[in-house]
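Labels below follow one simple rule: chain letters A, B, ... track the order of the sequence lines, proteins then strands, and each chain is numbered from 1. Values reported hereafter were calculated over all heavy atoms of this structure, with side chains retained and with hydrogens, waters and symmetry mates removed. All of these numbers come straight from a predicted model, not from anything done at the bench.
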Amino acid sequence: MAPTVCLSDGDDEDGPISFKRTASVKSEQEDDSEDEKPLAMRTTRLTSNASSTSRNSIKRRPGDSNTGTSSPLKKAKHSAIEREPKAADAHDNKIPLAPRLTSVKPSKTKPPAKNATKNKKKSPSSFTKDSQKGVEMKAKKTVRNSRLSKAMKVRQGSGSGKKWSTLEHNGVMFPPPYMPHGVKMLYNGQPVDLTPEQEEVATMFAVMRDTEYASKETFINNFFTDWRKILGKTHIIKKFELCDFTTIYEWHLREKENKKQMTTEEKKALRDEKGKREEKYLWAIVDGVKEKVGNFRVEPPGLFRGRGEHPKMGRLKRRIRPNDITINIGKGTPVPVCPIPGESWKEVKHDNTVTWLAFWNDPINQKDFKYVFLAASSSLKGQSDKEKYEKARKLKDHIDNIRVNYTKDFRSKDQVKKQIAVATYLVDKLALRAGNEKDEDEADTVGCCTLKVENVTCLPPNKLQFDFLGKDSIRYLNTVEVELPVYEAVKEFCAGKNKGDNVFAEIDTIKLNAHLKELMPGLTAKVFRTYNASVTLDAMLNKETEDGTLLQKISIYKRANKEVAIICNHQRAVSKSHDSQMAKLNEKIDELKVQRDGLKAELEKAKKGKRPGDDKDGSRKKKLTPEMLENKISGIEAKIEGMVITKNNTEESKTVALGTSKINYLDPRITVAWCKTHEIPINKIFSKTILEKFGWAMDVGPGFRF
DNA sequence: CCTCAGACTTGGAACAATATTT
DNA sequence: AAATATTGTTCCAAGTCTGAGG
């Protein structure tokens, strides 16, 4: 192995690195057997202790309330030493063996083609009842074979992109009108009168008092500017500094408290009522099949909560009215009635080349749209999800070639080629996002193609340190050893430029993707993320799962999941209870240690002669033989060890978010197959909703490999 | 090409529901 | 039973990528 990419130092097991990839990125050759492994790895990121500097700092949104953890960029995770699985807590669930996976009915992979198919089988769970409910009667040709049919359609789109033939739904639901509370805020110490509209906006702000937004200058300015438009030029309120929203804030707290105090029945009544109101909006009928609608609730007005340093944070997101909304519905099907009397939809379309049911323009950014789509459990979404994974799997067949290809171009004379090669390498190896250009009026974040000179530091002899804010202003901090030509190339790209200049000045995502498409049809940068994630999960699960208890197996899954999350840089804010949680663990550990030491002392005594029988203390407590004591001690020691492991895991995972990869990057079939093979009830891994979303993957055989 | 409207996926936090502890 | 901790769900912001039209 020669120049390997990863430098993980030795170790194999808990080494800092996730994957020691031996395979090729480097020079081509290599045994192929290895190539399935993702290149991704984080060197320093996971490296030892020093790491406190390393990957941490989560950039929190200003919004998060919790007073606690105030420090936004607090320390965060440290190294990530992978520790053994160790089942931490113990709730032993009884182990229902037998994977009931199989039971799930056939996934409906219906081709989008024309006409409905007749399967009504719904995803895994429950609502069979609803779905059956007669919706649909049209029998049509059922084209199976989704994989193929899909591919073709996408590729050449004979019928172009027809997404459905018939579409029925009831439109969208509007939030209730504003109910004025009449609580007067103070201006310059005096109560002020506000119209309901003015009060509404004041309340939006007042209520955010304990979020970080409330103290951000941009937020305040934007809010105040928009609010003053509503107050009018002549209103007494002129200066933000003289505003005191406390009264309204306190009213809000009281409301919250009241709500909490409601009895269970009251709450239930409320829920039922809500359910009743929403009922009709919950479902759409697509090609005769009843499907859940994703987000039929129109977003209520509020103050925009942009993430990171968003220039528009605090702006008023005005109320959306029917007249803002465009409805998409099957031709000939009844148009949803506009729920607000006297008003009407902006437009009604019958476009079956798209999947949205409705949309409106984002009031903050006129050019953006807010769509109402079907839920993730719908077959339309399921199908494209499946296609996404199939495409990622296809990448397996091309990856060797792609790597050879870009490796060759590392030294290309053609600057564009060279930059594309290096960018592709980063996308492949680090699973970076493509990095589209962004507008001035958005938070300043970057991805691969938009990396700035200041985001990359060359550390001789051949390491690169990345430090930038990516999507959602989440910080990406990672130091990686790269192939020498890459290192040299990056150095050259940065030479003589300013901090804020693009590293890849010659390329953008369009060019990058255009190039990728030449290497494999349909290939784009994001496919590498999916590929990387799924390949990693598949490899880890298959390599590491051995016989063990259910808990142990689940722990292995979590570990693999976590590995993927780290590769994708999926982070979360540390929970406000984290510290106390740690403290509690430490306490318990100390307690055990005390116990252990006590026993040790006793053991000494016991060994020193005294036989179990004799001793002055006539106490009833029976003496233990040395062996018994030793047993006890080792028992406690094992316990301690277990707790230390949990503690370390907790600490190491406090900034890692597992959900995102589970939902978006890991081919569910890997999980399903693994569960079947190892007799793990799938619901130990997938929650109900996610199970519904992955209905299409449930009947895969235990032999499935990504 | 390039722009830019458009459509759809991905993302973390807020919030709600449950489970566990006190 | 109340208080907490944990897990699951919803919300809506922020990405990616495509395609039409110049």
Side-chain angles (χ1 to χ4, degrees), chain A residues 58-66 89 91 154 157 160-161 163 211-212 256 259-260 264 267 271 294-295 297-300 302 304-308 310 312-313 317 326 328 351 353-356 359 361-362 364-371 373-376 380-381 384-385 388 433-439 442-443 445-450 469-474 508-514 516-517 522-527 529-530 533 565 568-573 575-578 580-581 584 650 655 657-665 683 686-693:
Chain A
I58 283 212
K59 171 67 164 232
R60 291 151 135 283
R61 312 181 176 185
D64 48 6
S65 41
N66 78 74
D89 19 62
H91 357 321
V154 169
S160 65
K163 302 288 178 40
T211 72
E212 246 175 78
K256 233 161 83 177
K259 216 168 153 193
K260 216 164 64 178
T264 330
K267 285 181 186 163
R271 261 208 316 277
N295 54 323
R297 279 175 274 262
V298 171
E299 291 175 18
F304 177 68
R305 292 155 96 105
R307 300 163 191 183
H310 197 119
K312 293 189 174 178
M313 66 169 71
K317 209 168 71 158
T326 300
N328 193 28
D351 184 352
T353 67
V354 295
T355 67
W356 53 265
F359 86 82
N361 284 98
D362 179 353
I364 295 294
N365 221 306
Q366 268 316 114
K367 10 211 78 298
D368 290 345
F369 309 80
K370 298 287 198 172
Y371 294 93
F373 289 121
L374 291 175
L380 218 51
K381 291 284 193 194
S384 73
D385 208 28
K388 172 183 76 185
R433 295 189 184 84
N436 284 312
E437 308 288 343
K438 297 192 73 185
D439 276 353
E442 297 177 280
T445 62
V446 305
C448 184
C449 293
T450 40
L469 296 184
K471 181 175 177 180
D472 291 310
S473 290
I474 295 292
D508 58 21
T509 57
I510 315 249
K511 286 178 185 143
L512 177 62
N513 284 335
L516 293 176
K517 276 192 182 45
L523 185 61
T524 61
K526 83 192 259 284
V527 180
R529 274 170 81 76
T530 311
C568 296
N569 201 36
H570 291 147
Q571 300 190 233
R572 59 172 179 161
S575 84
K576 42 189 161 338
S577 60
H578 177 80
S580 66
Q581 196 184 150
K584 213 177 280 178
T650 308
T655 59
L658 303 184
T660 306
S661 52
K662 196 184 267 188
I663 293 171
N664 300 300
Y665 288 104
N683 61 4
F686 287 157
S687 69
K688 172 171 152 275
T689 352
I690 223 173
L691 223 38
E692 282 164 14
K693 160 169 176 160

>> Please evaluate residues A:V298 and A:K370 with respect to the criterion side chain to side chain contact (heavy atoms under 4.5 Å, CB included), reporting the C-alpha separation (whole Å), side-chain torsions for both, the decisive distance (0.1 Å), and the verdict.
In response: CA-CA 9 Å; A:V298 171; A:K370 298 287 198 172; over 6 Å; no
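OP1 and OP2 of B:dA7 both lie 4.0 Å or more from every side-chain N or O belonging to A:K370. Contact annotation: A:R529 reaches the phosphate of B:dG11 (side-chain N/O to OP1 or OP2, under 4.0 Å). One finds a side-chain N or O of A:T355 lying less than 4.0 angstrom from the OP1 or OP2 phosphate oxygen of B:dC8. Side-chain N/O atoms of A:K584 include one lying less than 4.0 angstrom from OP1 or OP2 on C:dA5. The shortest distance between the side-chain N/O atoms of A:Y371 and the OP1/OP2 oxygens of B:dA7 is below 4.0 Å. Residue A:S575 has no polar side-chain atom (N or O) positioned under 4.0 Å from OP1 or OP2 of C:dA5. Of the side-chain N and O atoms in A:Q581, one or more sit less than 4.0 angstrom from OP1 or OP2 of C:dT6. Contact between the side-chain N/O atoms of A:T660 and the OP1/OP2 oxygens of B:dG12 is found at a separation under 4.0 Å.
Under the side-chain contact (heavy atoms from CB on, under 4.5 Å) criterion, A:D508 pairs with A:E437, A:I510, A:K511, sequence neighbours left out. Legend: residues meeting side chain to side chain donor-acceptor pair (under 3.5 Å) with A:N513, ordered by chain and number and at least two apart, are absent. Residues satisfying the salt bridge (Lys or Arg N to Asp or Glu O under 4.0 Å) criterion with A:K260, sequence neighbours excluded, are A:E257. Every salt bridge (Lys or Arg N to Asp or Glu O under 4.0 Å) that A:K388 has, sequence neighbours left out, goes to A:D385. A:R529 pairs by the side-chain contact (heavy atoms from CB on, under 4.5 Å) definition with A:A431, A:R433, A:C568, A:H570, A:Y665, not counting sequence neighbours. Residues satisfying the side chain to side chain donor-acceptor pair (under 3.5 Å) test with A:K438, not counting sequence neighbours, are A:T445. Looking at residues two or more places apart in sequence or on another chain, you find no side chain to side chain donor-acceptor pair (under 3.5 Å) involving A:N664.
In this structure, A:R271 atom CZ and B:dA16 atom C1' are separated by 10 Å, rounded to whole Å. Atom CG of A:D362 is separated from atom P of C:dC11 by 17 Å (rounded to the nearest Å). Residue A:I364 contributes atom CD1, which lies 19 Å from atom P of C:dC11 at whole-angstrom precision. In this structure, A:N569 atom CG and B:dG11 atom P are separated by 10 Å, rounded to whole Å. Atom-to-atom, NZ of A:K163 to C1' of B:dC8 comes out at 8 Å; the value is rounded to the nearest Å. Atom CD in A:E692 sits about 14 Å away from atom P in C:dG8, given to the nearest Å. Between A:D368 atom CG and B:dA5 atom P the separation is 10 Å, expressed in whole Å. Protein atom CZ of A:F359 is 12 Å distant from nucleotide atom P of B:dC8, rounded to whole Å.
In this structure, A:N295 contributes its side chain and A:Y371 its backbone to a donor-acceptor pair below 3.5 Å.
The side chain of A:I474 lies closest to B:dG12 when the candidates are B:dT10, B:dG12, C:dT9. You'll find that the side chain of A:A573 is closest to B:dA13, out of B:dA16, B:dA13, B:dT10. Minimum atom distance to the side chain of A:F369 is reached by B:dG6, of the listed B:dG6, C:dT10, B:dG12. The side chain of A:K367 lies closest to B:dA5 when the candidates are C:dT9, B:dA5, B:dC8. Closest to the side chain of A:T689, from the set B:dG11, C:dA5, C:dG8, is C:dG8.
Residue-to-nucleotide proximity on DNA chain B shows that, of A:K511 and A:N664, the 5′-proximal contact is made by A:K511.
Sparse packing is recorded around NZ of A:K256, with 12 or fewer heavy atoms of other residues, nucleotides or ligands lying under 6.0 Å away.
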> Under a cut-off of 3.5 Å for both distances of each Watson-Crick or G-U pair, what dot-bracket string does DNA chain B give, using [ ] for crossing pairs and | for inter-strand pairs?
Replying inline: ||||||||||||||||||||||
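For the residue pair A:N569 and A:Q571, the shortest heavy atom distance occurs at OD1-OE1, 3.1 Å.
Using a 4.0 Å heavy-atom distance criterion, A:K662 is classed as making no nucleic acid contact. Counting non-hydrogen atoms under 4.0 angstrom, A:K317 reaches the backbone sugars and phosphates but no base.
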> Can you give one letter per nucleotide of nucleotides 14-22 of chain C, 5' to 3': B if a protein heavy atom sits under 4.0 Å from the base, S if only from the sugar-phosphate, - if neither?
Replying inline: BSBBS----
